[in-house]
Structures are given as C-alpha cells and as structure tokens.
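Working notes, beginning with the structure itself.
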Amino acid sequence: MEAIKRTKISDLLKSTAYGTQVNVRGWVRTRRNSKQVAFVALNDGSTINNVQVVIDVEKFDEEQVKLFTTGACLSVNGTLVESIGGGQSVEIQAVEIELLGACDNTYPLQKKGQTMEYMRTVAHLRPRTNTFGAVFRIRHNMAYAIHKFFHDKGFYYFHTPIITASDCEGAGQMFQVTTMNLYDLKKDEEGSIKYDSDFFGKQASLTVSGQLEGELAATALGAIYTFGPTFRAENSNTPRHLAEFWMIEPEVAFNDITDNMDLAEEFIKYCVQWALDHCMEDITFLNNMFDKGLIERLRSIVDTEFVRLAYTDGIKILEEAVAGGHKFEFPVYWGVDLASEHERYLVEHHFKRPVILTDYPKEIKAFYMKQNEDGKTVRAMDVLFPKIGEIIGGSEREADYGKLLQRIEELGIPMKDMWWYLDTRRYGSCPHSGFGLGFERLLLFVTGMSNIRDVIPFPRTPNNAEF
Ligand code: ATP
Ligand code: MN
C-alpha cells in the first residue's frame, strides 16, 4: 500500500481539502452493501463521529471486502470527497484498503442497543462503543480541567501515599496490604496478628483519603491538591460507590469554611463549564441517547448560586416534608446521617438547585473538623447535587492542638502512628480547610450516566474485580 501519513478522523471531518489522498485507520462500526458499493463506517476513537468509506466493489477483491466486518481494523487510503448525503461533510472514496485485524462473528459488540449490565461483562471492549467512547473522552477532559483549574490558581499537585499505616479514619473500610503468608499467620499470646515480620513491620492498608498528608503539605506550600486513587472496602452495593475510585482533595492554609465553600462552588462550575466548552459532541450524544435533560442541567448548574444551609435548618425542612405526608425510607431527626434520599429531596424537590449543607452534628463527622462554639456541631460542608446526592465532603479543620487531642481521646482513635499529624498543630498551627470530590461522582453528573460502574473503565465493587 502507498505510504500516506495517517490523519485522525476528528481532523479529517473538519477538512475541506477535497481531492487529496488521505490515510485513516480505525475499527469498522457498521457496513452496508448495495450492488456496486459497500459503505463502511470507520471510527478511530478521536471523535464520536465515524467517517464513511465508500468502496467501489468492482475495484476490490470481493472476498477481501467480505472481511471488512463490524469490529475489524482497517487502514484505508483514499480520496477525500465532499459528502452528498446528509450527516457528515466529507467521506473517503477508497483506493486501497489493508485489513490490519480481522474480526469474526464472535465479537461481543456486534449487536447494537445492549444493556449497561451486559456492557460491564465486556468492559475490556466497551470503550469501542459510542457510549463508552464518549464517557472516557469526557473523563480525560475532566481530569485535564481539574489540573488546569488548580494550576492556574497557584495550587500545587501533591502526591500523597497510596499505602498507609495510619488507620485513624475508616479502619473497617480499609483494604490491608501485606506480604505475610496468610496460611501461616504468626499470632501473639492474645491471638492478635504479629505484624513485625510483615513488609512494613506494622499493619498497612490502601489509602481511604489523602487528606491528612494533604494538610501537612498545605501548612507548608499554602495551597495544594491531590488527585489519586482511593480505596474503600465498604460493602455498599449502590450506583454511587466504588471500592476503587479517584478523589481530588484540595487543602488550603488560611481558608475558613466560607472560603472553602466558595472554592468548591467555583471548582465544580469550572469543571462543568469546561465540559460544555470542550466535550459538546459527546455530551450531545449522551443527552440524546440516555438523558434528555442533561445539557439543560449542566447549563443550569453554572448559572445558579448554590444554596448554603445549616444542617439543622435542612433537618427542619425534611421534618416538615414528613409532616406533610412525604415518605422517606429512612427516618429523619436531628443527629441522623442523611441518606441519599434526604439529600436529593432538599436539592431536587425543595430548592431545585445544588445545596451546600454546613455545621453537621459532630457525632456523624470526622475527628479533625473544627468544633463550633455550640459544642454540638462542626464546620463541615457537604455539597449536594441533583441525581447524585453528596458530591463533595469537606470542612474547616480543627487548628487547636488541645481541642483536637481531646476529640481524638473522646473517640478513642488509635493515634500512636499519628504523631506526625498532630505536629501540624504543635508547630505553627494555622486555620485551614479542604474538601474531597469523588471524580466518578462528578463524571456521573457530567455524563448523565446513572451507575458509577459506567464512568470508570474497570470498576471494582464487591465481588467484582474482572479485567
Ligand atoms: P458517602 O456518604 O456518599 O458514602 P462519604 O461521606 O463516605 O460518602 P467522604 O469520606 O466525604 O465520603 O469522601 C469525599 C467524597 O468522595 C464524597 O463526597 C464522594 O464524592 C466521594 N466518595 C466517597 N466514597 C466513595 C465511593 N465509595 N465511591 C466513589 N466515590 C466516593
Ligand atoms: Mn462525606
């Protein structure tokens, strides 16, 4: 075959260089035949759009053309011509075609319109579909937007460890990391496992959050963010939880809870605006296929001010709803950890816009949150979103060494491995705040997909670590 430099389909579809010889490579999405011509829709992942390759059957070996089946990989040399039919602006009149990889009829993606559940069983191939191609292109763009947002604001990207030996938070939810022989565990007289012969000489786990190390960085570099994998062994089989997900955690010295809310709101709006500005083809596809209100919802988020409401006032609204006859699955009372149905009631029914709920009871929040003067609540802030519920969880941190230590003792948190964290309050303590955004929850919102398993390439959930 004549050597012509490859053009990506995304670039080709914008070209008006009619009559030039081009090369494209990609996978066959569909093929239609008429008597004299075969039409092959080719996709190379650079865009959701296919380029149509027109094959004059007389000029090609009939047996070869039969091999250009759905899923096959082709390299096509041809003439770029203006398209007469509707849809695309250009198509390719094939001159030479090389079959790079054949694809037989066992290919799992031959039938269109398969369910999302089926697609998860072929997660190794699903990026080749329109839907997952769109989702993963948006995923990339969102990751880029996040780095750009923080970089432009002077935040530093800080890498916190993935393996950690601090089990002060969510101990029960942690995946253990060990090189010990599980068939022959060494135990002491009380029957506890002896970790001194383990790789790190102590019990180690996968991180559930980079926050504590993020605080060390913020109290040195001023403003930082982390963006990394996070692991939670919570056995919650919901459409919003993964065992392995990606979290973005900014942490900023001298920010109070109001600054923290301002940052969270600006950040989410920036990301959504970025998607509208850079991913419109993919978003339009998802809007038309799955979620007719998607574009509308994205636009409305960037234009509306988020509601800011104290937890206590939120509970009042929910109690009034119950009194008015609204049925929730879980009870509502001051002190309860809100369920997703409660959060969504506030956002979708009551206010009809995102809500930042603040000042939660200290009992349902983490030990490091700054205590309010009332002795009952802490300066927590959760950002609640339509269709998602909690998308961000954050707080102003307790900067007072004595108060922090007292809370740690009250809760009986094992701090022997946490002396380094307390040093932030011992040496030049400062007010500071931060939050965590679940990357996949943001993607759920931006793509309109309804299950978190469908916005990460290879989902890890209870009983599932395939691929
Ligand atoms: P939830 O109440 O929804 O389980 P959480 O309060 O345990 O969340 P945080 O510890 O506040 O979550 O974590 C910060 C953010 O990380 C959450 O607001 C959410 O966006 C995301 N997140 C938490 N757990 C998961 C998970 N298992 N899978 C995906 N994202 C998650
Ligand atoms: Mn939370």
Could you tell me whether a side-chain N or O of [X] sits under 3.5 Å from a main-chain N or O of [Y], the two making a donor and an acceptor?
| X | Y | answer |
| --- | --- | --- |
| R29 | R128 | yes |
| H278 | W274 | yes |
| R460 | L242 | no |
| H342 | F330 | yes |

Steps toward salt bridge (Lys or Arg N to Asp or Glu O under 4.0 Å) verdict (K8, D11): CA-CA 5 Å; K8 282 192 184 175; D11 294 329; over 6 Å; no
Distance flag, aromatic centroids of F351 and Y345, threshold under 6.0 Å: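 For Y345 and F351, the ring centres are not under 6.0 Å apart.
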Check: F254 ring centre within less than 6.0 Å of H432 ring centre: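 They do not qualify: ring centres at least 6.0 Å apart.
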Aromatic plane relationship, Y311 with Y360 - under 30° parallel, 30 to 60° tilted, over 60° perpendicular: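 If you compare the ring of Y360 with that of Y311, the planes turn out tilted.
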Aromatic plane relationship, F231 with F175 - under 30° parallel, 30 to 60° tilted, over 60° perpendicular: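 F175 and F231: perpendicular rings.
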In terms of side-chain geometry, is the basic nitrogen of [X] or [Y] positioned less than 4.0 Å from the acidic oxygen of its partner?
| X | Y | answer |
| --- | --- | --- |
| R379 | D256 | no |
| R308 | D313 | no |
| K66 | E63 | yes |
| E281 | R137 | no |
| D303 | R353 | no |
| K269 | E265 | yes |
| D454 | R126 | yes |

Heavy atoms of other groups near Q21 CD, more than 12 under 6.0 Å: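 Yes.
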Neighbour count above 12 (heavy atom, 6.0 Å) for E58 CD: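 No - once you tally the heavy atoms of other residues, nucleotides and ligands closer than 6.0 Å, there are 12 at most.
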Side-chain heavy atoms of F445 within contact of E440, under 4.5 Å: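 A side-chain contact under 4.5 Å is absent here.
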Side chain to side chain donor-acceptor pair (under 3.5 Å) between Q93 and T79, intermediate numbers included: CA-CA 5 Å; Q93 290 283 352; T79 315; over 6 Å; no
Option from Y225, Y144, Y156 for which ring pair (Phe, Tyr, Trp, His ring centres under 6.0 Å) with F150 holds: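 It is Y225; the other options fail the test.
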